[in-house]
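One is the number of the first residue; the rest follow in order along the sequence.
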Amino acid sequence: MSIDRARIADLDKLVLSPAGTDRLWSPMDEVASAIRRGLLWLERDQERDGHWSDSEGLSRLSATAHAVRAFVACGFESDHHVVRRAVAWLMRPELAAGTSHYFWRLGPLSELYRSGVPESLIEHDLRVLRTAIEDGVRLDRRLNYPAFLLDCLANLDQGADRDEGHVDQLRELLAMEEVDITPGIWAYVALERVGAVEGVSLDLEKVARSLRESNGCYHLNGSVAETSYFILNCARSDVLSADPELSPIIDGAARWLISRQITRTGSWPTEQPLYNGSPQAPAYYTALACRALSAYLQRYRPRSLAQTALPDWSFRRRVTTITRYASATILCCITMTAAGLFLPSGGAARLITTSGIMGTMGTALSAIAFFWEARDRFGRHGHR
């Protein structure tokens, strides 16, 4: 049983122009294509019982939680077979006994709480998460846990009245100069989502300087995970996504993330973990990248096609590849024509000559049509 192709096709609606009247090629098509290929890989990689893991069974919880959120972000409902099986695995009672950080499942469950997730389960996980923060669990990521808590409360449409202490903690830590970019942006966006960002500032110049530029693309420490978190959180923020200096960097980060996708499979490569040294499953990086690109696509789809600044770099590569094949085909056809002309007169010679001439003409006409389309596309959608 495979992903509903109609649902996958619904992603095309996100790349229409605001008027929705002219389905021209859009640079956002490349983003939607990357998401589609990533989701199809995730569907193929899901285990029978609904979870995702690597060959050694590691990182099942985080990979499964992110995979569910990727599908939900792309419009898949809770009754879809991929989401349904994964949520059933996350809600198993034995999961809580198997890991002390099982509350990470609260992320996808909080996004699906309107779809029948037991309220008692969500309240239980919220208590466990608050206790973990108070106990100072994994202090090297203490900024992420309060941000994760506020994110879940925003998903549940709950205020942060009960968690003013955690709000204050995020405010204090954001005021510290040594805060890393990834958890810092996450904290800022979490405060914004619960309406507690007033009086809090984020050094956007420092954020911009933290990303490295390479051929028009931007990345954070060469990391798929960190760059995905950067795109995801910036796209979820009204303030960050609207900043004129940060916007082209977000565009460049999306280009870099798409360039890292493995063409053959549609997944993203594994890498060193962010903080604590525990390995992550390949599904973790693919799901995180799909979440980030989905948020990016949905945030910037109101732009008109002429304003969008995401060149289709893979299309440029296809132009180069097809040019090489067309040149080789024309050369072969010319060789056949010449061979037919020099052969003794007869049926075989005429057949070879005719085939060579027709092949040359057909290939040349196809190449002219292709290059005309390529010129039209690149001329219509340039850099912002």
Evaluation steps, side-chain contact (heavy atoms from CB on, under 4.5 Å), between Arg193 and Asp151: CA-CA 7 Å; Arg193 294 191 69 203; Asp151 256 343; 2.9 Å; yes
Arg84 side chain to Asp79 backbone, donor-acceptor under 3.5 Å: yes
Any donor-acceptor N or O pair under 3.5 Å, side chains Tyr113, Asp157: yes
Check: Asp125 main-chain N/O paired with Arg105 side-chain donor or acceptor under 3.5 Å: no
Side chain proximity check, Leu204 to Leu240, heavy atoms < 4.5 angstrom: yes
Nearest-0.5 Å distance, CH2 of residue Trp256 to CG of residue Leu220: 9.0 Å
Arg171 versus Leu191, closest heavy-atom pair with distance: CG-CD1, 4.3 Å
Over all atoms of both residues, closest heavy-atom pair of Arg255 and Cys217: CB-SG, 3.8 Å
Beyond-backbone contact of Asp203 with Val207, side-chain heavy atoms, under 4.5 angstrom: no
Close side-chain approach of Trp41 to Ser267, heavy-atom, < 4.5 Å: yes
Ser110 (side chain) donor-acceptor with Gly107 (main chain) under 3.5 angstrom: yes
Distance in Å, Glu30 CD paired with Gln261 CD, rounded so as to fall on 0.5 Å steps: 8.5 Å
Pairwise side-chain contact, Leu156 with Leu126, heavy-atom cut-off 4.5 Å (strictly under): yes
Pair Asp49-Arg60, salt bridge (Lys or Arg N to Asp or Glu O under 4.0 Å): steps then yes or no: CA-CA 12 Å; Asp49 63 357; Arg60 295 187 298 174; 5.4 Å; no
Option among Asp243, Val189, Ile185 that satisfies the side chain to side chain contact (heavy atoms under 4.5 Å, CB included) test with Ser237: Val189
Donor-acceptor under 3.5 Å (Trp268 side chain, Leu288 main chain): no
Chi angles and distances behind the side-chain contact (heavy atoms from CB on, under 4.5 Å) call for Leu112, Val68: CA-CA 10 Å; Leu112 293 167; Val68 173; 4.1 Å; yes
Any donor-acceptor pair under 3.5 Å from Gln46 side chain to Val82 backbone: yes
side-chain contact (heavy atoms from CB on, under 4.5 Å) evaluation trace for Asn221 with Thr227: CA-CA 8 Å; Asn221 300 324; Thr227 305; over 6 Å; no
Heavy-atom side-chain proximity of Ser78 to Val87 below 4.5 angstrom: no
Atom CZ of Arg260: over 12 foreign heavy atoms under 6.0 Å: no
Point-to-point distance, once rounded to the nearest 0.5 Å, from CD1 of Ile122 to CD of Gln158: 8.5 Å
Shortest non-hydrogen contact from Leu39 toward Phe71: O-CZ, 3.7 Å
Value rounded to 0.5 Å, distance of CG in Asn155 from CG in Leu150: 11.0 Å
Chi angles and distances behind the salt bridge (Lys or Arg N to Asp or Glu O under 4.0 Å) call for Asp238, Arg299: CA-CA 9 Å; Asp238 294 334; Arg299 164 63 69 173; 2.9 Å; yes
Full working for side-chain contact (heavy atoms from CB on, under 4.5 Å) between Glu226 and Ile181: CA-CA 9 Å; Glu226 290 197 69; Ile181 294 300; over 6 Å; no
ring-ring contact (aromatic ring centres under 6.0 Å, His included), paired with Trp186, selected from Tyr229, Tyr145, Phe230: Tyr229
Nearest-0.5 Å distance that lies between atom SG in Cys290 and atom NE2 in His66: 12.5 Å
Main-chain N/O of Arg236 paired to Glu192 side chain as donor or acceptor, under 3.5 Å: no
Closest heavy-atom pair and its distance - Pro146, Gln169: CG-OE1, 3.4 Å
Leu90 and Thr64, any side-chain heavy atoms less than 4.5 Å apart: yes
Considering all heavy atoms, the nearest Leu129-Phe148 contact: CD2-CD2, 3.7 Å
N/O donor-acceptor pair under 3.5 Å between Asp163 side chain and His166 backbone: no
N/O donor-acceptor pair under 3.5 Å between Ser228 side chain and Val224 backbone: yes
Flag, side chain of Thr286 to backbone of Ala283, donor-acceptor distance under 3.5 Å: no
Between CG on residue Leu297 and CD1 on residue Ile231, distance to nearest 0.5 Å: 12.0 Å
Residue pair Leu170 / Ala187: nearest heavy atoms and the distance that separates them: CD2-CB, 3.8 Å
Side-chain heavy-atom pair Val239, Tyr188 within 4.5 angstrom cut-off: yes
Check: Ala73 main-chain N/O paired with Ser294 side-chain donor or acceptor under 3.5 Å: yes
Modelled atom types, side-chain donor and acceptor of Asp251 and Tyr218, under 3.5 Å: no
